[in-house]
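One structure is given here, and the rest of the page talks about it.
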Amino acid sequence: MSDTETARYDFAQAEPHWQEQWEKAGCFTALDVPSGDRPKYYVLEMFPYPSGKIHMGHVRNYTLGDVVARYKRAQGFDVLHPMGWDAFGLPAENAARENKADPASWTYANIANMRGELQRMGFSLDWTREFATCDPEYYGQQQKIFLDFWKAGLVERRAASVNWDPVDMTVLANEQVIDGRGWRSGALVEKKKLSQWFLKITDFAPELLAGLDTLERWPERVRLMQENWIGYSQGADVVFPLAEPVAGIESVTVYTTRPDTLFGMSFLAVAPEHPVAKAVAETNAGALKFIAECASQGTSEAAIETAEKRGFATGLEVVNPLTGAKYPVWIANFVLMDYGTGAIFGCPCGDQRDLDFARKYGLPVSVVVAPSVDDVPVIGAKALDGAGVIVNSGFLTGLSTVEAKPAAIAELEKIGAGKGVTNWRLRDWGISRQRYWGCPIPVIHCEACGPQAVPDDQLPVKLPADVSFEKPGNPLDHHPSWSKVSCPVCGGEARRETDTFDTFIDSSWYFARFCSPRAASPTKLAAVNHWLPVDQYVGGIEHAILHLLYARFFTRAMEKTGYVTVKEPFAGLFTQGMVTHESYKDVDGGWLYPEQVVKSAEGATHRDTGLPVVVGRIEKMSKSKRNTVDPGAIVGRYGADTARWFVLSDNPPERDVEWTESGVQGASRFVQRLYRLAVSVAGERRVVQPAVIAGEAKKLRQQTHRTIAAVTEALESFAFNVAVAKLYELSGAISGASGDTDELLFARFEGADIIARLVAPMMPHLGEEIFARLRPELGLVALQPWPKADPVLLVLDEVTIAVQVNGKLRGTIIIPAGQAAELTLAAAEAAVASVLAGQSIVKKIHVPDRIVNFVVKP
RNA sequence: GUGGGUGUGGCGGAAUGGUAGACGCACCGGACUUAAAAUCCGUUGGGACAUAGUCCUGUGGGGGUUCGAGUCCCCCCACCCGCACCA
């Protein structure tokens, strides 16, 4: 038995070794402003929250990005691939409360641990650019940006009804309220009036919407989600005068997208929080009771689903400006105060919900939209939504619904009863949080002078270290001295703002900071001009709206304030799927970790007790379900490359991947197989190409070069699983090609050399190890150019083509590539002669080097 | 409700309108071994028959376009995701 057959790849020794070599060679460091003429490529993965340990989702995310980074480097790009930490946020405070640790030490200890874990994965990151958002050097620059936004009119302070999370004791943005509950605590959100800072994202709503069209390398569905979130709609504000004013209110304004159906009006309904509803409640006990009932109604999805459409007739009437007729005013539980004007006009003809409401309360239903003028239906239980022609509507009658809208708006504007308006669902971004572990808002409140910017020479406003978490709420409020400052304008006693920024701000510009992370100003223009936009951003779909929309807004606001010159931060976006795993429960229904479970042909049992285990659904890895696999343990047992190879190989990266032990073992087997192959081929090294190469050797060379082409194409299109398959095939072909002629040995050597280069972006350590054995004279594979397929070798000399009769496969023939049609057809006809017997050929289809199809009839 | 996506062997998945099931996993059979591990080789969509072979059938269902459809078009079904009392 020779050495090559027993050789095993010792990843535990090799991986740290190659990581050190890369570090020594500075393979992955970039310059803020490079001088060369290589094209730039900025690869970024969404930076992690330093929770303490990396999880498989991180492994997948950063492996995907790393493949791109390494591949682009080999393709000759100057690559920026940085890493940092999204380090502010609640968990650090919770840890502080629970463990008496201070948030900063807790966070930095987690960072140190996770940095080590990421480094063991062999990601080609430029660690010289690392920062954490909780570094004063970072958040101080963020404070500068905020103050510039303020100067530019992009910041407002206003008393606003905010979403108050009673458990986390903080304000939440609309985006952070999910089904009426806090996105983190899950507590029912209350409405509360507070003075808050807002960023005027709504100023950018039209741009943010239009900009989506320029993001060609974004997933369609992310663009759609953002489009829906921004929620553009066009319609009209219509003023309905009250027949009798109530509490000084003389009219109700309604926003509608269907001014063309105003003649079909049946009622007007206002939200329970609407001023008219409140005015009525002053004197009407029934209304007061109804409003109270609405307020107690849940806003969860389930509650909305089942909630009855209910109304309360106020007895008031409004005048429809187009018809001149009077209609009743209702308070309705389904009308939302924070969309449009908080009031609607009901047109049962064209809206199912209005129809249901009208039927329930016996309100009139008149038909104003019909399929055609001659086909006016009677309305039963179903409303006639959709386009058509307007009927029974005075001057609008006969117009299509599309034509009637501008006509109705024109008339409303003419008579001064309304105007065309554009409405957005997007709200301004409330950024104040009553939290300690966040970026302090750099503002000083003076009774005499009002809120003032902290002067530049006092930045950064640093968080105090000596805080107590004994009381609920914001520790900054309880600090004895931190908030006591003097007013920068009058010098009098003043109070420092104790709110901190929403942590989404921290992640809204970090990609720009990475271009010049040590700059004395937030950005260095030469650096951001060179590197931005991010060419490829990689992260989870869960950030499709919040983070990506905020970052897009921030970039535009930074462009306006001169910090960057691009409008869109991320030219390409890739959203990867989750990492899932089977879940396990013991007989008592308790969740079990995968390592506690032994699986055999008879089923699953508990490793220690031997009791049966219930194998549950395949779900996203989560601590609560205990279906997690620790990357550290996997790297220890199989090595980083095996983990990387597995997450790439199993399925397309945009889909969820199921982590399986057998899959990992398969990946590990391939690592060893490839290593043995390389060791064996290195022993028969043939670098010089023989003059003539034919037969099997030529076939192998052709496959090698086809693999170059195929892997290149697969990596370009994020089809990493396909790239993996092609590498398996080539590896099999090399080890299958036996013989010791010079030409074959050369072909085998070339194949192994190429495979080392192609595999290196995915398994960088193994790539180095085998490349060092094959081509020790060339140094690191990380510094090698990407191989190019020889076009001559991509041309096959013989092809197997299908022969069909009436479109059904009846045989195959092997012919020289590019053979003349007559010869191919003759060979094909001979091959299927028995099928053709007794039939006459009507037509012969010949697609060169592809297929022959005979169309026959008896 | 609304917008989008997906549907291919036991499983994950391949497949510029041109031989469906590449590649991996699993399974089964074999080699090596005292044995195991490791490794290597081979079979495997379903079905029928005259079983070294031949034929039928097969990409959620139904139509259509085409010499030829997993792929294009229309209708339907199922599942997944996003948004949602949005006027």
Side-chain angles (χ1 to χ4, degrees), chain A residues 1 5-6 8 179 219-229 231 233 235 238 254-258 261 269 271 297 299 301 303-305 307-309 332-336 338-347 350-354 356-357 385 423-425 541-542 544-545 601 618 645-646 649-652 654-658 660-667 669-670 672-673 676 710 713-714 719 721-732 735-736 800-813 834 842-847 849-856:
Chain A
M1 199 179 270
E5 279 165 322
T6 55
R8 269 191 81 74
D179 297 336
E220 179 65 17
R221 66 171 176 146
V222 174
R223 286 188 283 169
L224 276 164
M225 283 160 77
Q226 294 220 346
E227 190 181 321
N228 291 337
W229 192 265
S233 76
V238 185
V254 161
Y255 171 74
T256 177
T257 56
R258 294 298 302 272
T261 63
Q297 177 191 311
T299 50
E301 196 177 324
I304 288 166
E305 198 81 9
E308 214 184 333
K309 310 287 177 269
N333 64 345
F334 61 85
V335 180
L336 304 174
D338 53 5
Y339 185 82
T341 58
I344 64 163
F345 84 86
C347 173
D351 185 290
Q352 189 61 46
R353 195 190 47 206
D354 291 351
D356 294 344
F357 192 81
D385 30 24
N423 196 46
W424 302 87
R425 189 181 169 279
I541 186 72
E542 67 273 20
I545 296 171
I618 296 162
W645 187 251
F646 175 69
S649 66
D650 216 43
N651 61 1
E654 65 275 15
R655 298 198 202 165
D656 292 351
V657 63
E658 188 197 351
T660 61
E661 186 65 20
S662 56
V664 178
Q665 283 168 3
R669 270 201 295 277
F670 180 66
Q672 294 300 339
R673 200 155 69 226
R676 280 195 308 275
E713 196 191 321
N721 56 324
V722 178
V724 163
K726 296 296 173 189
L727 290 166
Y728 270 114
E729 282 182 67
L730 180 57
S731 152
S735 43
T800 307
I801 69 165
V803 183
Q804 299 181 336
V805 176
N806 283 345
K808 289 201 174 190
L809 181 71
R810 292 301 177 204
T812 58
I813 53 172
S834 62
V842 182
K843 198 173 176 185
K844 298 174 181 181
I845 311 286
H846 174 236
V847 182
D849 294 349
R850 278 284 185 187
I851 203 162
V852 170
N853 186 14
F854 296 110
V855 185
V856 301

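Per chain, numbering begins at 1; letters A, B, ... match sequence-line order.
In this structure, of B/rA87, B/rA14, B/rU39, it is B/rA87 that holds the atom nearest to the side chain of A/R353. Distance from the side chain of A/V847 is smallest for B/rG18 among the nucleotides B/rC83, B/rA14, B/rG18. The listed nucleotides are B/rG4, B/rA87, B/rG12; the one nearest the side chain of A/N651 is B/rG12. For A/T257, the side-chain atoms get nearest to B/rA87 when compared with the rest of B/rA87, B/rC83, B/rU39. When the nucleotides B/rA14, B/rG24, B/rA26 are ranked by their closest atom to the side chain of A/N721, B/rA14 comes out on top. Listed candidates were B/rU19, B/rG68, B/rA87. Nearest to the side chain of A/I851 is B/rU19. Distance from the side chain of A/V722 is smallest for B/rA14 among the nucleotides B/rC85, B/rG13, B/rA14. When distances are taken from the side chain of A/A802 to each of B/rU19, B/rC83, B/rA87, the shortest belongs to B/rU19. In this structure, the nucleotide among B/rU16, B/rC23, B/rA84 sitting nearest to the side chain of A/A725 is B/rC23. In the set B/rG18, B/rG24, B/rC81, B/rG24 carries the atom at the smallest distance from any side-chain atom of A/R673.
The base of B/rC85 is paired with the side chain of A/K309 by a donor and an acceptor separated by under 3.5 Å.
B/rC55 atom P lies 7 Å from atom CZ of A/R810, rounded to whole Å. When the P atom of B/rC83 is taken as reference, atom OH of A/Y339 falls 17 Å away, rounded to whole Å. One interatomic measurement links the two molecules: CD of A/Q665 to P of B/rC27, which rounds to 11 Å at whole-angstrom precision. Computed from coordinates, the A/D650 CG to B/rA22 P distance equals 16 Å when rounded to whole Å. As a whole-Å value, the separation of A/D354 CG from B/rC86 P is 10 Å. The interatomic distance linking A/F646 (CZ) with B/rG12 (P) rounds to 13 Å, in whole Å. In this structure, CD of A/E729 is placed 12 Å from C1' of B/rA15, rounded to the nearest angstrom. The distance from atom CG of A/N228 to atom C1' of B/rC81 is 13 Å, rounded to the nearest whole Å.
A/D356 places none of its side-chain heavy atoms less than 4.5 Å from the side chain of A/F334.
The minimum heavy-atom distance between A/G235 and A/Y255, with the atom names listed, is N-OH, 3.5 Å.
As rounded to the nearest Å, B/rG21 and B/rC73 have P atoms that lie 25 Å from one another. Between the P atoms of B/rC40 and B/rG46, the separation comes to 26 Å (whole Å).
Atom CZ of A/R425 is surrounded by more than 12 heavy atoms from other residues, nucleotides or ligands within 6.0 Å. For A/E713, the CD atom is loosely surrounded, since the number of other residues' heavy atoms within 6.0 Å does not exceed 12.
Listed pair A/K843 / B/rG68 fails the phosphate criterion, with no side-chain N or O lying under 4.0 Å from OP1 or OP2. Between A/R655 and B/rU6 there is no side-chain polar atom (N or O) within less than 4.0 angstrom of OP1 or OP2. Residue A/R223 has no polar side-chain atom (N or O) positioned under 4.0 Å from OP1 or OP2 of B/rG4. Within the structure, a side-chain polar atom (N or O) of A/R669 is placed less than 4.0 Å from OP1 or OP2 of B/rC25.
Side-chain atoms of A/D354 come within 3.5 Å of backbone atoms of A/C347 as a donor-acceptor pair (strictly under, hydrogens ignored). A side-chain donor-acceptor contact under 3.5 Å links A/N651 to the backbone of A/D656.
Ring planes of A/Y728 and A/F670: tilted class, angle from 30 to 60°.
A residue-by-residue look at A/L809 and A/S649 shows that A/S649 has its nearest nucleotide of RNA chain B further toward the 5' end.
Residues satisfying the side chain to side chain donor-acceptor pair (under 3.5 Å) test with A/N721, not counting sequence neighbours, are none.
For RNA chain B, the stems formed by at least three consecutive Watson-Crick or G-U pairs, with both atom-pair distances below 3.5 Å, span B:1-7 with B:77-83, B:10-12 with B:23-25, B:28-31 with B:39-42, B:45-49 with B:53-57, B:60-64 with B:72-76.
Between the OH atom in A/Y339 and the CH2 atom in A/W424 there is a gap of 11.0 Å [rounded to 0.5 Å].
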